[in-house]
Amino acid sequence: MFHLSKYLTATTIPLLLLAVPAARAQAPQEPVGERPAEERTQPDVAAVFEERGLLTPPGAWVVEPALQYVHSSSTTVAIDGFTILPAIAIGLIDISEVQRDTLTASLALRYGLTERLEVGLRLPYVWRDESLRRREVLQGSDTPQVADSSGQDLGDVELGLHLQFNRAVTGKPFFIGNLRVKSTTGTSPFDVDRVPAKNPDGSDSGVDILLEQPTGSGFWAFQPSLTMIYPTDPAVIYGNISYLWNVERDQGEDYGRIDPGDALGLSLGTGISLNNRTSISLGYDHSMVFKTEREGVTLDPAFERIQVGSFIWGLSQRLSPHTSLNLSVAVGATSAAPDAQVALRLPMRF
């Protein structure tokens, strides 16, 4: 049986605001009009993940090449039978172990339309590799089945719009509204070839094995969010709340109309400036993903919500007045979260 949840976790759950590295002004902005002096030197709020704190100046471009690696693993135990005592199960016990590695190289472009409004475009290229290991405990075979698959292609292109509602003034928080739109340019999991996994006796196990890994989710998605940033020298406190709406779509005769689960996200943390060039950040990111629905089909019993949480650490180094290097490391705090995520970004302003 086809399970959609693994693609939701890997490809549609948003990576929210990770870190805001410095409350102290690292690169003074050019004065605009008659703004007060305390507003002219705004904090260089670097984005380590995809939502950011300070917008691109009007008429300026930011080019950001990035490289991200994600490793995730999971173990599933399925029992097809019945239980006569709490510790005794009669039937087939199937154990599946999955390991996935995803490497994404991306190029993000951002342009400042006004002092408080900017637009952005992100172009990702994705390499994915997955290893599936299955063993049926009560079939008298101690030889596990192993299946490997990989894929690489253009990922889902994203568009972004960011609006800063108020000016950044020392001692007061400022707020930024964000809208992210994810397309379906990547290879959909519904378009790749698959074969059914076989049991040792040759029967169909009910589990599909992908011959090629997808590089996209196969669904359009819209994610509005609100970011709060509170500078308090030498630290910055940040928070972000978002809602990801995955648009339902007809995936053909084999799968029918599928409505992926939406996701409610929350992240918070703090960034601390070590000096005028280096800053570190600590944060936590959590997403609550709702259940997927499939028209006319009763899916396997599942939890109404999946909790995906990660602890995040970030490091930002300003290389020049217009260039910085950002490193982030995220470690999964819940079973549904990726085990580890490492991202390296190099935003350059022109």
Side-chain angles (χ1 to χ4, degrees), residues 2-16 18 47-51 64-76 96-108 122-133 146-158 180 182-194 208-219 221 223 244 246 260-261 263 265 267 285 287 289 292 306 308-314 326-346:
F2 175 71
H3 295 280
L4 182 66
S5 60
K6 64 181 179 180
Y7 299 112
L8 294 176
T9 301
T11 60
T12 65
I13 294 178
L15 298 176
L16 302 179
L18 170 62
V48 189
F49 270 15
E50 296 177 6
E51 302 293 348
E64 183 182 274
L67 193 64
Q68 182 185 50
Y69 170 74
V70 180
H71 173 77
S72 61
S73 61
S74 63
T75 301
T76 303
S96 300
E97 297 176 88
V98 180
Q99 290 192 2
R100 301 184 186 92
D101 294 284
T102 304
L103 181 64
T104 303
S106 64
L107 180 65
R122 180 174 178 266
L123 305 171
Y125 193 89
V126 180
W127 292 266
R128 294 190 64 192
D129 181 81
E130 177 180 286
S131 296
L132 171 65
R133 182 173 179 264
V146 179
D148 296 320
S149 60
S150 61
Q152 62 180 53
D153 204 347
L154 178 69
D156 290 339
V157 175
E158 300 176 6
R180 184 173 69 99
K182 187 191 70 63
S183 68
T184 58
T185 54
T187 304
S188 169
F190 304 96
D191 295 333
V192 298
D193 295 329
R194 65 187 71 243
D208 289 337
I209 296 178
L210 301 181
L211 299 180
E212 179 185 356
Q213 284 296 304
T215 60
S217 68
F219 297 92
Q223 184 190 36
L244 178 69
N246 287 299
S267 63
D285 175 50
S287 294
V289 185
T292 297
I306 299 175
V308 182
S310 298
F311 294 106
I312 308 170
W313 172 84
N326 301 324
L327 171 69
S328 66
V329 178
V331 179
T334 63
S335 59
D339 298 335
Q341 304 178 62
V342 180
L344 188 65
R345 303 177 188 276
L346 186 68

(request) Looking only at non-hydrogen atoms, find the nearest pair between Gly218 and Pro189 and report the distance. (result) N-CD, 4.1 Å
(message) For the residue pair Asp153 / Thr187, report whether a side-chain donor-acceptor contact shorter than 3.5 Å exists.
(response) yes
(request) Please check if the side chain of Ser188 supplies one atom and the backbone of Pro214 the other of a donor-acceptor pair under 3.5 Å. (result) no
(request) Calculate, to the nearest 0.5 Å, the distance between atoms CD and OG belonging to Gln341 and Ser72 respectively. (result) 9.0 Å
(message) Between Ser183 and Val157 (side chain of the first, backbone of the second, donor and acceptor by atom type, cut-off under 3.5 Å), is there such a pair?
(response) yes
(request) Indicate whether any N or O donor in one side chain lies under 3.5 Å from an N or O acceptor in the other, for Asp339 and Ser73. (result) yes
(request) Measure the shortest side-chain to side-chain distance between Pro124 and Arg122 over non-hydrogen atoms and say whether it is less than 4.5 angstrom. (result) yes
(message) Salt bridge check, Arg100 against Glu130: does any charged N sit closer than 4.0 Å to a carboxylate O?
(response) yes
(request) Would you give the length of the straight line joining atom CG of Leu123 to atom CG of Leu107, rounded to the nearest 0.5 angstrom? (result) 6.0 Å
(message) Within this structure, what is the OH-CG distance for the pair Tyr69 and Asp101, rounded to the nearest 0.5 Å?
(response) 3.5 Å
(message) Are the side chains of Leu244 and Arg180 in contact, using a 4.5 Å heavy-atom criterion?
(response) yes
(message) What verdict does the side chain to side chain contact (heavy atoms under 4.5 Å, CB included) test give for Leu327 and Val342, after you've listed the backbone C-alpha separation in whole Å, the side-chain angles of each residue and the deciding distance to 0.1 Å?
(response) CA-CA 7 Å; Leu327 171 69; Val342 180; 4.1 Å; yes
(message) Please find the pair of heavy atoms, one from Val289 and one from Gly261, that lie closest to each other, and give the distance.
(response) CG1-O, 4.2 Å
(message) If I take atom OG1 from residue Thr102 and atom CH2 from residue Trp127, how far apart are they, to the nearest 0.5 angstrom?
(response) 12.0 Å
(message) With a 4.5 Å cut-off on side-chain heavy atoms, are Thr215 and Tyr125 touching?
(response) no
(message) For a quick test of reading the model, state the closest non-hydrogen atom pair linking Gly155 to Val126 and the distance between them.
(response) CA-CG2, 3.9 Å
(request) For the residue pair Ser149 and Leu211, establish whether any side-chain heavy-atom pair is separated by less than 4.5 Å. (result) no
(request) Could you tell me the separation between the CG atom of Asn326 and the CG atom of Leu344, rounded to the nearest 0.5 Å? (result) 8.5 Å
(message) Using side-chain heavy atoms (C-beta onward) and a distance below 4.5 Å, is Ser217 in contact with Lys182?
(response) yes
(message) Please find the pair of heavy atoms, one from Ser267 and one from Asp285, that lie closest to each other, and give the distance.
(response) CB-OD1, 3.6 Å
(message) What's the separation between atom CG in Asn246 and atom CD in Gln223, rounded to the nearest 0.5 Å?
(response) 9.5 Å
